[in-house]
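This report concerns only the one structure given below.
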Protein chains: 2
Amino acid sequence: MAAAHARDDGSQANRRRADHSETYLRLREAITGGRFQPNERLVEAQLVDLLGAGRSSIRAALVRLDQEGLVTRQPNRGARVRLISGREAVEIEQVRIALEKMLARSAAEHVTADDLADLEATVVEMHRRLEQDDRLGYSELNSRFHQRIWKMADNELAASLLATLKSQSIRVQYRTILQPGRADQSMREHVAILAALTAADPEATEAAMAEHLSHVVSTLRRAIATSQVRLPGAAASVAPEAVTSPLAAGANVAGA
Amino acid sequence: MAAAHARDDGSQANRRRADHSETYLRLREAITGGRFQPNERLVEAQLVDLLGAGRSSIRAALVRLDQEGLVTRQPNRGARVRLISGREAVEIEQVRIALEKMLARSAAEHVTADDLADLEATVVEMHRRLEQDDRLGYSELNSRFHQRIWKMADNELAASLLATLKSQSIRVQYRTILQPGRADQSMREHVAILAALTAADPEATEAAMAEHLSHVVSTLRRAIATSQVRLPGAAASVAPEAVTSPLAAGANVAGA
DNA sequence: GACCACAAAAGTATCGACAATTTCAAACTC
DNA sequence: GAGTTTGAAATTGTCGATACTTTTGTGGTC
């Protein structure tokens, strides 16, 4: 959440070398962090003095984010924060499930004592957070749990794809854990995954993960269905700045 | 390691000026088509008069291709055609399998008479090509077969991810179908997939696809192992242009 | 008041020039 | 002769200016 105006110069030898990738990361963070509304217009000139970078950096960052699926760009008409439709959200979840299943299996094939220790600790801590009704903390640990599995599976490509997908659907995902009753069930499912990993049983691990994620998805579907999402159809062309989205402020809150 | 989905990009090509996305497509084509060696340096100035586009277009295209995983860029040191390591090739295949399995299952759930007719025709034609020992033609039809399944599954995200992955590993994939005995087996496997789809049996379809792909991978592994790939370690810094790779000229030759 | 034409404004796309960095090779030192 | 320094060439990174496109606003006409 680096603050905006960081014009640190003032002298002639300005240019604090805000690197290309630096700009990209900051813009990305701003988008995934919810500093912009979905579908909000991203005007290059505005970003220039919001991020304190040159226009070419901004431009490059937008191209990257477009390719990454976080913004959309239309020729001569600029860039907007990409709005994930319900359909796309489902597609994302399907892909996510396919990859996580594969990684879970793979993880079970390479499991080490170290991994198990870490996962156990995470699960224990998750339980504690749950008792304190600290849902945000739970979400973070949930992320950690899954990421440890990714690491165990040792497939960087899949892990990075998953990370990208997650950033695309953050706005949607954060809903699940808040649904009534979901937390306890989620807890049980994680325990089951851990058990299968402890047994070093790829088949069972994949199955447990599949079970877990299918519940996440159905919860998600329910959440979307009930709390009718009011899409900003043709979003306000105004949307000046600092409009804080529901999840806003918080760090990445993962689906659970 | 980058994600990426091809955006729909409305192709309003009628632009006398070599459009931005036009440049991107041409450069992409040049890379996947094998006009550049893996690891070959892509000097911006050279690309400018090779493609007849402005430097900013080239630059944007390189950023995109970087994100897509087809080239790598180092700050101040330019871009190179990405060289897929053996490890990465395996990762790609794993992801590909996970996604294709998912899509196969999904396809079986939505199968229509039209789809079956098309698939059958494709398989018949594949058989014919095989008898004529037309391996290239077979490969093309193989691609077509799989793409039809993607379409049936109706998950654009997964399909576009698969397309990207395929373009990354083209240089590796083309080997499989040339392996002795592989062709006949491949044929049988496609028939099995078709049968499962005809029965509209998601479980069986996924299994058949998994079986098929696991064979593709093991064939691939064998092919890589035997024909010791001679990596251009620290690739020639010269590599002027038009150096044609083994598969070269041909359109996309898919693994079978 | 609704509709159209046309002008002004906002914003993106692209080019050229210059600055900064890396690379390569020759000259130099020990 | 091996290793190091220095300088020039090659190449990438960034900025400013300009051309082009889309959007917005205004006034006239029926």
Side-chain angles (χ1 to χ4, degrees), chain A residues 6-9 11-27 36 39-67 71-81 233-241, chain B residues 7 9-27 36 39-67 71-81 234-241:
Chain A
R7 277 303 180 102
D8 45 306
D9 53 14
S11 69
Q12 291 199 338
N14 49 4
R15 220 137 299 127
R16 175 86 262 114
R17 179 143 281 327
D19 215 23
H20 237 191
S21 57
E22 175 67 18
T23 309
Y24 158 73
L25 287 175
R26 285 217 286 158
L27 183 51
F36 297 101
N39 221 357
E40 178 175 346
R41 215 170 149 195
L42 296 172
V43 177
E44 294 177 4
Q46 283 174 19
L47 297 178
V48 162
D49 47 42
L50 178 67
L51 298 177
R55 205 163 142 229
S56 38
S57 301
I58 298 287
R59 213 126 213 295
L62 287 175
V63 170
R64 256 178 106 170
L65 290 167
D66 176 28
Q67 197 70 13
V71 314
T72 51
R73 278 162 26 104
Q74 291 177 291
N76 286 317
R77 302 182 58 183
R80 294 172 175 272
V81 175
S237 51
V238 196
E241 182 238 354
Chain B
R7 198 126 329 302
D9 54 43
S11 51
Q12 69 289 25
N14 51 14
R15 198 70 62 75
R16 49 193 189 76
R17 246 292 161 238
D19 211 23
H20 235 190
S21 57
E22 176 66 18
T23 309
Y24 158 73
L25 287 175
R26 285 217 287 158
L27 183 50
F36 297 101
N39 220 359
E40 179 174 346
R41 214 171 147 196
L42 296 171
V43 177
E44 294 177 3
Q46 284 175 17
L47 297 178
V48 163
D49 46 44
L50 179 66
L51 298 178
R55 198 149 85 96
S56 39
S57 300
I58 298 287
R59 216 124 211 296
L62 287 175
V63 170
R64 253 179 109 171
L65 291 167
D66 178 26
Q67 195 70 14
V71 314
T72 53
R73 277 163 25 106
Q74 291 176 291
N76 286 316
R77 302 182 58 183
R80 294 172 175 273
V81 176
S237 51
V238 196
E241 99 41 77

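Small disclaimer: the values here were computed from a predicted structure and weren't measured. Every chain is numbered from 1 and lettered A, B, ... according to where its sequence line falls, protein lines coming before strand lines.
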How long is the line joining [atom1] of [X] and [atom2] of [N], in whole Å?
{"X": "A/Asn76", "N": "D/dT23", "atom1": "CG", "atom2": "P", "value": "9 Å"}
{"X": "B/Gln46", "N": "D/dT12", "atom1": "CD", "atom2": "P", "value": "9 Å"}
{"X": "B/Gln74", "N": "D/dA10", "atom1": "CD", "atom2": "P", "value": "21 Å"}
{"X": "A/Arg73", "N": "D/dT22", "atom1": "CZ", "atom2": "P", "value": "15 Å"}
{"X": "A/Ile58", "N": "D/dC15", "atom1": "CD1", "atom2": "C1'", "value": "14 Å"}
{"X": "A/Asp66", "N": "C/dT12", "atom1": "CG", "atom2": "P", "value": "14 Å"}
{"X": "B/Leu47", "N": "D/dT11", "atom1": "CG", "atom2": "C1'", "value": "12 Å"}

*Check for a donor-acceptor pair, side chain of B/Arg41 on one end and backbone N or O of B/Arg80 on the other, with a separation under 3.5 Å.*
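Not a single qualifying donor-acceptor pair exists.
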*asked:* So does B/Gly78 get a backbone contact from the side chain of B/Arg73, meaning a donor-acceptor N/O pair under 3.5 Å?
replied: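 No, B/Arg73 side chain to B/Gly78 backbone: no donor-acceptor pair under 3.5 Å.
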Starting the side chain at C-beta, find the nucleotide from [options] nearest to [X].
{"X": "A/Arg77", "options": "C/dT22, D/dT23, D/dC15", "answer": "D/dT23"}
{"X": "A/Arg55", "options": "D/dT12, D/dA17, C/dC15", "answer": "D/dA17"}
{"X": "A/Val43", "options": "C/dT21, C/dG11, C/dT14", "answer": "C/dG11"}
{"X": "B/Arg41", "options": "D/dC15, C/dT14, D/dT11", "answer": "D/dT11"}

For [X] and [Y], work out which heavy atoms get closest and say how close.
{"X": "A/Leu62", "Y": "A/Glu44", "value": "CD1-CG, 4.1 Å"}
{"X": "B/Asp66", "Y": "B/Val71", "value": "OD1-O, 3.2 Å"}
{"X": "A/Val63", "Y": "B/Ala60", "value": "CG1-O, 3.9 Å"}

All N/O contacts under 3.5 Å from nucleotides 6-9 of chain C to the protein, with atom names and distances to one decimal?
none

_Under the side chain to side chain donor-acceptor pair (under 3.5 Å) test, residues paired with A/Arg77 that sit two or more places apart_ =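 Not a single residue meets the side chain to side chain donor-acceptor pair (under 3.5 Å) criterion with A/Arg77.
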*Please list, chain by chain and in numerical order, all residues satisfying side chain to side chain donor-acceptor pair (under 3.5 Å) with A/Gln74, sequence neighbours excluded.*
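So A/Gln74 forms no side chain to side chain donor-acceptor pair (under 3.5 Å) with any residue.
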_What's B/Leu42 touching, base or sugar-phosphate or nothing? Going by heavy atoms closer than 4.0 Å._
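B/Leu42: backbone/sugar contact only, no base atoms under 4.0 Å.
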